[in-house]
Amino acid sequence: MSMKAREKLLDAIRLAARREEYAKRQPLLHQGDVSTHAHFVESGCLRLWYNDDGNDITVQFFLPGDTVASLESFFHGKPSRFGIEAILPSVVHTVTREQFQDHMAHDVGFKDLLFDMLVARMADYQGLFLNRIMESPEQRYRDLLKHQPILCETVPQHYLASFLGITPVSLSRIRNKIEVR
């Protein structure tokens, strides 16, 4: 979704949204809880993650201008398979599911923006899926450096390693190998 579309989406709900500040490592949603809020990132960085038998796996990062919710939980009222947490001090604008649904029911433009946002998110997830099965860890890191360098500069390395599906030690080796070249 373009930055202009994101701004329109945020503007569409800004009056109903509640501005909230989160400290580093503060959860916005716990895995297993029902997601009743959508969050629009103003500053900082959030992550969507899950715990797989004690393994903390980062699924996606969210930067300023991004929107995040545990979608299945948010739209269907099911317990979330994911947690959402701030990994840097963050400011978000939060709306309830009811406020969100009210906007969808009464604002066709909002529905169009939401559709665009969901299509963009699905395309991101498809790309992540293909990247994970087709590319080596080194190539995944190089792609991240090329397409989202801000993540490599600001996100703690253990979260990046989790996102890339490797250990922090492996990420350190990859980074050292790339820096030597």
Side-chain angles (χ1 to χ4, degrees), residues 1-52 56-129 144 147-151 153-156 159-160 162-163:
M1 178 189 307
S2 73
M3 186 57 88
K4 187 174 183 175
R6 285 181 183 152
E7 289 173 18
K8 282 185 180 182
L9 181 61
L10 183 55
D11 287 345
I13 62 160
R14 190 164 294 223
L15 293 175
R18 185 176 65 237
R19 185 179 186 274
E20 298 177 333
E21 295 183 17
Y22 288 89
K24 179 179 177 180
R25 299 197 58 136
Q26 186 175 356
L28 285 76
L29 175 69
H30 293 278
Q31 188 174 355
D33 288 351
V34 174
S35 177
T36 58
H37 294 85
H39 310 280
F40 303 86
V41 182
E42 178 182 309
S43 65
C45 184
L46 307 179
R47 75 178 182 126
L48 183 73
W49 67 281
Y50 73 95
N51 182 312
D52 181 29
D56 179 317
I57 300 171
T58 299
V59 177
Q60 184 73 39
F61 297 106
F62 299 89
L63 297 168
D66 289 338
T67 305
V68 61
S70 178
L71 294 177
E72 182 179 23
S73 180
F74 185 74
F75 284 105
H76 298 293
K78 296 180 178 183
S80 177
R81 293 187 272 176
F82 304 99
I84 300 171
E85 84 174 337
I87 58 172
L88 300 172
S90 301
V91 175
V92 300
H93 297 268
T94 301
V95 294
T96 66
R97 183 172 56 225
E98 292 77 19
Q99 291 167 321
F100 202 87
Q101 289 172 335
D102 186 55
H103 279 288
M104 284 189 349
H106 297 100
D107 186 343
V108 174
F110 183 78
K111 269 184 147 172
D112 291 343
L113 289 170
L114 177 61
F115 180 78
D116 290 346
M117 180 198 72
L118 291 173
V119 168
R121 181 65 55 220
M122 288 305 299
D124 285 347
Y125 288 142
Q126 286 176 337
L128 289 170
F129 175 75
L144 197 61
H147 298 291
Q148 292 185 296
I150 190 74
L151 291 177
E153 296 165 8
T154 60
V155 171
Y159 292 127
L160 286 178
S162 168
F163 176 69

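Since this is a predicted model, take the numbers as computed values, not measurements. Atoms considered below: every heavy atom in the structure, side chains included; atoms not considered: hydrogens, waters and symmetry mates.
Of the inter-residue distances, the one linking Gln60 atom CD with Ile84 atom CD1 reads 11.5 Å to the nearest 0.5 angstrom. The CD1 atom of Ile57 lies 4.5 Å from the CG atom of Asp52; values are rounded to the nearest 0.5 Å.
Side-chain contact between Leu63 and Val41 is absent, with no heavy atoms from C-beta onward closer than 4.5 Å. Between Leu28 and Val92 there is a side-chain heavy-atom pair separated by less than 4.5 Å. Using a 4.5 Å cut-off on side-chain heavy atoms (C-beta onward), His93 and Glu20 make no contact. For the pair Trp49 and Phe82, the minimum side-chain heavy-atom distance is 4.5 Å or more. At a threshold of 4.5 Å between non-hydrogen side-chain atoms, the residues Asp66 and Phe61 do not count as touching. Between Ile87 and Val155, the closest side-chain pair of non-hydrogen atoms falls below 4.5 Å. Side chains of His37 and Arg97 form no contact here, defined as non-hydrogen atoms less than 4.5 Å apart. Between Gln99 and Thr96 there is a side-chain heavy-atom pair separated by less than 4.5 Å.
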- Item | Tyr50/Val59 under side chain to side chain contact (heavy atoms under 4.5 Å, CB included): CA gap, chis, key distance, verdict | CA-CA 7 Å; Tyr50 73 95; Val59 177; 3.6 Å; yes
- Item | Audit row: Glu85, Tyr159, side chain to side chain contact (heavy atoms under 4.5 Å, CB included) steps and yes/no | CA-CA 12 Å; Glu85 84 174 337; Tyr159 292 127; 3.4 Å; yes
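No hydrogens or angles considered: a donor-acceptor pair under 3.5 Å links the side chains of Arg47 and Thr58. Defined by atom type and a distance below 3.5 Å, a donor-acceptor pair is present between the side-chain atoms of Thr94 and His39.
At least one donor-acceptor pair under 3.5 Å links the side chain of His106 to the backbone N or O of Asp102. Judged purely by atom type and a 3.5 angstrom limit, Gln26 uses its side chain to pair as donor or acceptor with the backbone of Ala23. Judged purely by atom type and a 3.5 angstrom limit, Ser90 has no side-chain atom pairing as donor or acceptor with the backbone of Ala86. Judged purely by atom type and a 3.5 angstrom limit, Ser73 uses its side chain to pair as donor or acceptor with the backbone of Ser35.
Nearest heavy-atom pair, Ala69 versus Ala38, reported as atom, atom and distance to 0.1 Å: CB-CA, 4.1 Å. In terms of heavy-atom proximity, Pro64 sits nearest to Gly44 at CD-O, 3.4 Å.
Between Ser80 and the options Leu71, Leu48, Val34, Leu29, a side-chain contact (heavy atoms from CB on, under 4.5 Å) holds for only Leu29.
Using cut-offs of 30° and 60° on the angle between ring planes, the pair Phe100 and Phe40 is parallel.
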